[in-house]
Amino acid sequence: MSDQNPVFIPGPTNIPDRLRNAMHIQTRDHRAPDFVETFAPVLEDCKRVFGTETGQVITFPASGTGGWEASICNTLSAGDTVLVARYGMFSHRWIDLCQRHNLEVQVIDCEWGSGAPADLFEQALKADTEKTIKAVLVTHNETATGVKSDIAAVRRAMDAASHPAMLFVDCVSSLASMPFHMDDWGVDIAVSGSQKGFMLATGMAILGVSQKALAAMETATLPRTFFDFRDMMAANASGGFPYTPPLQLIYGMRESLKMLLEEGLDNVYARHFRLAEGVRKAVEAWGMKLCAQSPELYSDTVSAIYVPEGFDSNELTEHAFNAYGVSFGIGLGEMNGKAFRIGHLGSLTDVMVLSGLASIEMAMADLNYPIELGSGVRAAQEYYRATAAANQ
Ligand SMILES: Cc1ncc(COP(=O)(O)O)c(C=O)c1O
């Protein structure tokens with residue numbers, strides 16, 4: 001089996017050679033005076049990716065889940081109420097994490113395949129006349145269903161309700177791949193990780209934190225040690241880390257930010273849209289359906305695709321792996337067995353996407369799916385030909 005094949009899971013993503021090389025370094029002393037020269041620009045450049053000038057970037061050696069935990073335990077106290085909608089596996093897991101921290105979680109259950117219900121948030125916030133809701137939690141890109149939510153609409157709903165709750169957004173599978181505007185959207189904490197849009201190994205939780213959230217930190221009483229923003233910020237201010245940093249990842253992060261900013265964030269977003277659109281053309285040609293219920297919800301980083309009635313999506317992903325050495329995302333939670341996912345984010349080109357579409361088509365044909373071999377690839381090829389830079 002070739003380890004040259006790209007992965008088509010929605011993270012961790014393919015790591016480009018430039019970033020693998022950047023992380024391939026001998027140990028350096030993180031207490032030496034030159035550590036700050038590597039680390040400080042990482043924090044500064046991340047602000048551009050989050051779209052914040054007034055917020056602070058805080059990182060931890062953790063995955064995105066650690067970022068969720070850090071957002072909660074630094075700003076809230078046991079018994080505080082949070083408002084959150086569940087429309088996929090990741091919004092569900094964030095809810096679970098809040099419940100385990102003894103928060104009162106007001107859950108709005110939505111159909112999987114839909115997005116954050118700004119109108120229902122507005123109603124719930126208007127009904128909260130005592131202002132007990134301390135934070136609204138939203139998953140920007142629900143990786144389980146391939147649904148992107150409208151964060152600006154959630155902010156408008158919060159403003160329309162004149163509610164002072166903080167807005168926390170999970171952008172684990174959207175940051176550095178789809179537009180994110182932390183300041184414009186009034187996001188108080190944005191949670192992400194190193195292994196998706198940043199094209200790195202897993203291991204760094206990356207958070208954008210507003211001044212309002214930093215103020216909430218002063219009165220919040222949930223226990224925190226490893227994830228204490230205050231310790232991290234104090235150490236960062238003097239150029240260091242409160243404990244041993246994930247050094248190789250920080251070097252990788254430095255290079256990743258260079259790559260993203262060299263390409264230009266708008267170009268990064270446009271590339272992801274174009275790659276995703278090619279996948280969507282293929283899905284249409286196969287006569288199959290996306291889990292995302294309508295075009296404004298379509299994610300540019302992952303497509304979750306229902307298999308036809310009577311087929312098992314786990315058999316498909318397993319067969320694609322065993323027969324062709326190519327990984328696709330399995331269906332998570334309610335989608336298990338019913339849908340598979342094509343991750344199309346991070347370090348990816350149209351040529352790579354075409355190889356993924358060709359591989360899954362072969363796997364579908366092997367399992368007697370009612371598709372015509374080549375039909376999806378052809379639809380994507382036509383779209384990529386028509387939109388290739390050379391053709392513009
Ligand atoms: C939207 C979203 N949130 C949170 C997570 C959890 O992040 P991690 O697996 O890095 O802990 C993921 C992981 O895929 C995700 O896609």
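Atoms within each ligand, like the ligands themselves, are counted from 1 in listed order. Sequential numbering from 1 along the given sequence is applied to the chain's residues.
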At the 4.0 Å heavy-atom cut-off, does G193 count as touching ligand 1?
-> no
Is there a heavy atom in R93 that sits closer than 4.0 Å to ligand 1?
-> no
Which heavy atom of the protein is the closest neighbour of [atom], given with residue, atom name and distance?
atom: atom 3 (N) of ligand 1; value: D170 OD2, 2.5 Å
atom: atom 14 (O) of ligand 1; value: K196 NZ, 2.6 Å
atom: atom 5 (C) of ligand 1; value: F90 CD2, 3.6 Å
atom: atom 9 (O) of ligand 1; value: Q195 NE2, 4.1 Å

Taking 4.0 angstrom as the limit, do [X] and [Y] come out as a salt bridge?
X: E372; Y: R378; value: no
X: R20; Y: D17; value: yes
X: K281; Y: E382; value: no
X: E277; Y: R280; value: yes

Name every donor-acceptor pair, under 3.5 Å, that has one atom in a side chain of residues 230-237 and the other anywhere in the protein, sequence neighbours excluded.
unit_1	atom_1	unit_2	atom_2	d
R230	NE	D228	OD1	3.1
R230	NH2	D228	OD2	2.9
N236	ND2	M232	O	3.2
N236	ND2	G240	O	2.9

Looking at [X], which atoms of ligand 1 are within less than 4.0 Å of one of its heavy atoms?
X: W68; value: 3 (N), 4 (C)
X: T143; value: 1 (C), 2 (C), 15 (C), 16 (O)
X: T65; value: 6 (C), 7 (O), 8 (P), 11 (O)
X: G64; value: 7 (O), 8 (P), 10 (O), 11 (O)
X: N141; value: 1 (C)
X: S63; value: 8 (P), 10 (O), 11 (O)

Least distance between heavy atoms, Y324 atom then N5 atom = O-ND2, 3.3 Å
Report yes if the distance between the aromatic ring centroids of F328 and F321 is under 6.0 Å, otherwise no.
-> no
Give a yes or no on whether E53 atom CD has more than 12 heavy-atom contacts from other residues, nucleotides or ligands under 6.0 Å away.
-> no
